[in-house]
Amino acid sequence: MSFEKVFVTVGTTQFDKLVSTILNGETLKVLKQKQCRQLAIQIGRGEFEPKIDDDQISLTFFRLKDSIENDIEDADLVISHAGAGTCLDVLEKKKPLITVINDDLMHNHQTELADKLSEDRYCVSCTCSTLADAIQTINPAKLNPFTNNNDQKCASLIEKFIFYEKVS
């Protein structure tokens with residue numbers, strides 16, 4: 001399975017560890033093995049500005065924009081923080097998704113959502129330290145298709161997290 005266009009998003013928060021992990025040698029090696037040629041990264045409020053010195057992969061990045069819908073649609077693979085809104089957007093567009101849990105956060109409610117989505121085989125869940133392996137082993141054919149109308153249990157869980165994020 002190849003992923004020519006990879007989109008990485010951290011949402012509106014700061015998750016520099018994910019951005020820097022994407023650009024480390026091990027992860028870049030795996031991305032190249034998966035034929036990644038275009039890497040787009042939404043860095044949110046992070047301080048780390050990505051740079052890449054590699055003629056095989058073109059890199060673009062931005063902080064925030066009104067909508068990342070086109071970025072998701074254009075991607076062959078989405079790597080994301082485990083924000084409920086982003087997960088729902090990606091799953092509804094039937095894109096392969098790797099959710100990356102920020103294990104530096106205490107009481108991270110995103111962990112529960114990422115674990116449940118992974119357990120139900122809608123996505124692959126990992127941490128920054130296991131991201132390269134997740135990219136290497138993800139097989140979109142083994143992921144369950146997400147249908148908001150048909151999987152009320154999962155949709156309800158995601159909606160719970162969206163509501164939780166808006167009020168907290």
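For the single chain, residues carry numbers from 1 onward in sequence order.
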Test your reading of the model: is there a side-chain donor-acceptor pair from [X] to the backbone of [Y], 3.5 Å cut-off?
| X | Y | value |
| --- | --- | --- |
| Ser2 | Glu4 | no |
| Lys5 | Arg37 | no |
| Thr27 | Thr21 | yes |
| Ser118 | Asp115 | no |
| Arg63 | Gly46 | yes |

Applying a strict under-4.5 Å side-chain criterion to I, L, V, M, F, W and Y, I'd like to know whether [X] and [Y] cluster together.
| X | Y | result |
| --- | --- | --- |
| Leu117 | Ile72 | yes |
| Leu59 | Phe48 | yes |
| Phe7 | Leu97 | yes |
| Leu131 | Val90 | no |

To the closest 0.5 Å, what do you measure between [atom1] ([X]) and [atom2] ([Y])?
| X | Y | atom1 | atom2 | answer |
| --- | --- | --- | --- | --- |
| Gln14 | Arg45 | CD | CZ | 10.0 Å |
| Ser80 | Ile98 | OG | CD1 | 10.5 Å |
| Cys123 | Leu91 | SG | CG | 6.5 Å |
| Leu77 | Phe3 | CG | CZ | 5.0 Å |
| Ile43 | Glu49 | CD1 | CD | 5.0 Å |
| Ile52 | Leu39 | CD1 | CG | 6.0 Å |

For Glu119, I'd like to know if atom CD has over 12 heavy atoms of other residues, nucleotides or ligands within 6.0 Å.
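Above 12, so yes.
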
With a distance cut-off below 6.0 Å to the six-membered ring centre and an angular limit of 45° from the axis, does Lys65 pair with Phe62 as a cation-pi contact?
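The answer is yes, since Lys65 meets both limits relative to Phe62.
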
Using the side-chain contact (heavy atoms from CB on, under 4.5 Å) rule, pick out the option among Asn102, Val100, Thr127 that qualifies with Leu18.
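So, applying the side-chain contact (heavy atoms from CB on, under 4.5 Å) to Leu18 and each of Asn102, Val100, Thr127, only Val100 qualifies.
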
Considering non-hydrogen atoms only, spot the tightest contact between [X] and [Y] and give its length.
| X | Y | answer |
| --- | --- | --- |
| Ala82 | Leu113 | O-CD2, 3.6 Å |
| Pro50 | Val19 | CG-CG1, 4.0 Å |
| Leu64 | Gly44 | CD2-CA, 3.8 Å |

Taking 4.0 angstrom as the limit, do Lys94 and Glu73 come out as a salt bridge?
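Salt bridge: no.
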
Please determine whether a side-chain nitrogen of the Lys or Arg among Glu26 and Lys29 lies less than 4.0 Å from a carboxylate oxygen of the Asp or Glu.
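Salt bridge flag = no for Lys29 with Glu26.
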
Residue pair Thr9 / Gln42, side-chain donor-acceptor N/O under 3.5 Å
yes

Compute whether any side-chain donor of one residue and acceptor of the other, for Thr86 and Asp89, lie under 3.5 angstrom apart.
no

Passes side-chain contact (heavy atoms from CB on, under 4.5 Å), Leu28 versus Ile57? Steps please.
CA-CA 9 Å; Leu28 280 178; Ile57 300 177; 4.1 Å; yes

Could you check whether any side-chain heavy atom of Pro96 comes within less than 4.5 Å of a side-chain heavy atom of Val78, counting everything from C-beta outward?
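Heavy-atom side-chain distance check fails, nothing below 4.5 Å.
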
Any non-hydrogen side-chain atom of Asp76 less than 4.5 Å from a side-chain atom of Val6?
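The answer is no; the side chains never approach within 4.5 Å.
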
Residues 134-145 side chain polar contacts: donor-acceptor under 3.5 Å, at least two apart:
{"from": "Thr137", "atom 1": "OG1", "to": "Asp133", "atom 2": "O", "distance (Å)": "2.9"}
{"from": "Asn139", "atom 1": "OD1", "to": "Ala141", "atom 2": "N", "distance (Å)": "3.0"}
{"from": "Asn144", "atom 1": "ND2", "to": "Asp120", "atom 2": "O", "distance (Å)": "2.7"}

Can you list the steps and then say if Ile22 with Ile79 is a side-chain contact (heavy atoms from CB on, under 4.5 Å)?
CA-CA 9 Å; Ile22 286 290; Ile79 300 170; 3.9 Å; yes

Could you note down all residue pairs passing salt bridge (charged side-chain N to carboxylate O under 4.0 Å, His left out) where residues 11-25 supplies at least one of them, sequence neighbours left out?
Lys17-Asp103, Lys17-Asp104

Contacts of type salt bridge (Lys or Arg N to Asp or Glu O under 4.0 Å), residue Asp54, not counting sequence neighbours:
Lys32

